[in-house]
Amino acid sequence: MKAVKAYLLVLIVSFTGSLAFRLSIPVVAYHVREELEAPALVIGFITASYFVMRALSASISGEVSSRIRDYRLVPIVGFSASAIVVLAYAYTYTWVMVVLLRLVQGFLAGLMWIPLQYAVSVYSSESWRGKAYAVYFIVGASGAQLANIVYALMEPYGDLTILLLASILYIVSTLIVLFIPIPKPNTSNRRSSEKAVGDLRLSEIAPVLTAGFSVGFTLSIYYGDIPYVYVREALGLTRQDTALLLAVTGFLGLGLGLVASHIADRYPDKPILELTIVLLPLGLLLIGSGWLWLVIVGFSLLTVVSRVFTPLSRRIVTIKSGNPARAVGYLNALSNVGMAIGFIYVGYMYDLLGVSTRLMGLKLLVLPLTLLPISIMSLILTFYLARVLRR
């Protein structure tokens, strides 16, 4: 019962914390782009600063969580401080101030999420861990997608009102963390206990870490601030309609991703991971078409990739690494670095190439097409990873 209670509380925090964070994203994106009139490169740099700092913080957080008895202290600091930081966005008047706040927010995010992902590992068995991670990420992603709907409904009430709600949700998340039980070492299984605190077997998980970097780079067009600005300007939508479109694509992808993750857990020998990564270049091609319904399907496919690759990769490293907390921290770090570089690349290419071009009389959105080579690299790496894991 203790394990079930802990896991359910972690799921609730995953939902409320993700909802709080994602509520602030469109507020900041439109503030910087339309009120501060910053170029797309700055938008990418703002998001990149968050992910770089979260990558650094993730490694520290993973180490600390694996060494201290009460790992809850780490996310408590992260959530409570974030409640203050998110309100500060309402008082920024230069993009430099926004970058500084995002750096702080990124550091705090590493403190929040890595210990909770570690808790999922502690409170779930190896046979069920993949599904446990999948549900954890699905719940968090549901909170993030619901944030788009909440933003669309609250947009007429102004940015400060939305940021205040985000701050309240961070405070609620802090309070919930206080009720999560502290895990005790598993004395009934000496081998599992030794594995949880053993040395990191880096060579065993190197392909996963590399794939995490390349997938993160490719998905940079899907995460952060850029999609709100890009979709709005490329399709000529309002702020509210843009948020609703991203919510629809997110929920569609979540449903398909949950089905794929369930199949991967039930039939581990099936090539679910490889088949899912094929959707990466396909999704980019559909977004590049510029047709509204194909863009929706394209973004939905990117959501599927994210929701399947993320939990499966974490299940792999927690089983094969020798030190689950440290391995999850490193995987998060490399994925974040990949995304951070991708955000800067996407912002630069957006400024350089613009929204669209015409080929044989057809309008094409060029930005997602520039990511195709990296998506193909991700595909090759994932197929290699699958071969390694079957040995």
Side-chain angles (χ1 to χ4, degrees), residues 12-40 42-51 53-54 75-109 111-113 140 142-177 223-233 237-247 250 343:
I12 295 173
V13 175
S14 176
F15 181 84
T16 57
S18 298
L19 176 59
F21 171 69
R22 194 61 174 266
L23 269 176
S24 68
I25 297 298
V27 172
V28 174
Y30 295 132
H31 171 62
V32 173
R33 181 66 164 178
E34 299 177 6
E35 296 173 21
L36 302 182
E37 300 180 341
V42 169
I43 304 294
F45 186 69
I46 288 171
T47 310
S49 64
Y50 169 86
F51 277 88
M53 190 56 75
R54 194 176 81 168
I76 285 172
V77 171
F79 282 115
S80 57
S82 293
I84 301 173
V85 171
V86 75
L87 280 178
Y89 283 119
Y91 304 98
T92 56
Y93 50 87
T94 67
W95 65 263
V96 175
M97 296 173 68
V98 176
V99 169
L100 293 176
L101 285 176
R102 274 294 169 84
L103 285 170
V104 176
Q105 197 175 22
F107 181 83
L108 295 174
L111 299 184
M112 290 186 287
W113 298 121
S142 297
Q145 301 310 326
L146 180 62
N148 286 320
I149 298 175
V150 175
Y151 171 83
L153 295 173
M154 295 188 64
E155 198 269 338
Y157 298 98
D159 292 349
L160 183 58
T161 303
I162 298 173
L163 294 176
L164 180 61
L165 175 59
S167 180
I168 293 172
L169 287 168
Y170 274 128
I171 294 172
V172 170
S173 301
T174 305
L175 297 175
I176 295 172
V177 171
Y223 282 104
D225 303 73
I226 284 288
Y228 293 95
V229 173
Y230 180 69
V231 171
R232 172 165 158 75
E233 295 179 357
L237 303 176
T238 65
R239 293 184 180 185
Q240 292 168 293
D241 288 343
T242 300
L244 290 174
L245 182 147
L246 292 175
F343 291 132

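Hydrogens, waters and symmetry mates are skipped; everything else that's a heavy atom, side chains included, is used.
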Next item on the list: Could you give me the CA-CA distance, side-chain angles and deciding distance for F343 and F51, then say whether ring-ring contact (aromatic ring centres under 6.0 Å, His included) is met?
Entry: CA-CA 9 Å; F343 291 132; F51 277 88; 5.0 Å; yes
Note to self: How close do S82 and M112 get, counting heavy atoms only, and between which atoms?
What the structure shows: OG-CE, 3.7 Å
Check: Testing T161, D159, L153 for side-chain contact (heavy atoms from CB on, under 4.5 Å) with Y157, which one passes?
Finding: T161
Next item on the list: Please list, chain by chain and in numerical order, all residues satisfying salt bridge (charged side-chain N to carboxylate O under 4.0 Å, His left out) with E233, sequence neighbours excluded.
Entry: R33
Checklist line | Between CZ on residue R22 and CG on residue L169, distance to nearest 0.5 Å | finding: 14.5 Å
Note to self: Please tell me whether S173 and T16 have a donor and an acceptor in their side chains that are separated by less than 3.5 angstrom.
What the structure shows: yes
Item checked: R232 versus L237, closest heavy-atom pair with distance -> NH1-O, 2.8 Å
Item checked: Verdict with supporting geometry, L146 and F15, side chain to side chain contact (heavy atoms under 4.5 Å, CB included) -> CA-CA 9 Å; L146 180 62; F15 181 84; 3.6 Å; yes
Checklist line | Atom pair CD1/CG of I46 and L101 - distance to nearest 0.5 Å | finding: 10.0 Å
Check: Is the backbone of I43 close enough, under 3.5 Å, to the side chain of T47 for a donor and an acceptor to pair up by distance?
Finding: yes
Margin query: Apply side chain to side chain contact (heavy atoms under 4.5 Å, CB included) to residues I162 and S24 and explain how you reach the verdict.
Written below: CA-CA 7 Å; I162 298 173; S24 68; over 6 Å; no
Margin query: If I take atom CG from residue L246 and atom CD1 from residue I25, how far apart are they, to the nearest 0.5 angstrom?
Written below: 12.0 Å
Next item on the list: Tell me, with the steps shown, if T242 and Y30 meet side chain to side chain contact (heavy atoms under 4.5 Å, CB included).
Entry: CA-CA 11 Å; T242 300; Y30 295 132; 3.5 Å; yes
Next item on the list: Let me see the working for F107 and Y50 under ring-ring contact (aromatic ring centres under 6.0 Å, His included), right down to the final yes or no.
Entry: CA-CA 8 Å; F107 181 83; Y50 169 86; over 10 Å; no
Note to self: A side-chain contact here means heavy atoms from C-beta on lying under 4.5 Å apart; do P156 and Q240 qualify?
What the structure shows: yes
Note to self: Measuring only between side-chain heavy atoms, which start at C-beta, is V28 closer than 4.5 Å to V32?
What the structure shows: yes
Checklist line | Nearest-0.5 Å distance, CG of residue L23 to CD1 of residue I168 | finding: 11.0 Å
Next item on the list: Would you check if there is a donor-acceptor pair between the side chains of D225 and Y230 at a distance under 3.5 Å?
Entry: no
Next item on the list: Find out whether L160 and Y91 are in side-chain contact, i.e. whether some heavy atom of one side chain is under 4.5 Å from a heavy atom of the other.
Entry: yes
Next item on the list: Nearest 0.5 Å please: distance from the CD1 atom of I176 over to the CD1 atom of I76.
Entry: 12.0 Å
Notebook entry, point to check: Can you tell me how far the CG atom of L165 sits from the CE atom of M154, to the nearest 0.5 Å?
Noted result: 5.0 Å
Next item on the list: For V77 and L111, work out which heavy atoms get closest and say how close.
Entry: CG1-CD1, 4.2 Å
Check: When M97 is tested against each of V99, L100, T94 for side-chain contact (heavy atoms from CB on, under 4.5 Å), which residue passes?
Finding: T94
Margin query: Applying ring-ring contact (aromatic ring centres under 6.0 Å, His included) to F79 and W113, what does each step give before you reach the verdict?
Written below: CA-CA 10 Å; F79 282 115; W113 298 121; 5.5 Å; yes
Item checked: Heavy-atom pair with the smallest gap, counting every atom of A166 and V86 -> CB-CG2, 4.0 Å
Next item on the list: For residues A247 and I149, report the shortest heavy-atom separation together with the two atoms involved.
Entry: CB-CG1, 3.8 Å
Check: For the residue pair S167 and A83, what are the closest heavy atoms and their distance?
Finding: OG-O, 2.7 Å
Notebook entry, point to check: Would you say I171 and S80 make side-chain contact, with heavy atoms under 4.5 Å?
Noted result: no
Notebook entry, point to check: Would Y89 and Q105 count as having a side-chain donor-acceptor pair, cut-off 3.5 Å?
Noted result: yes
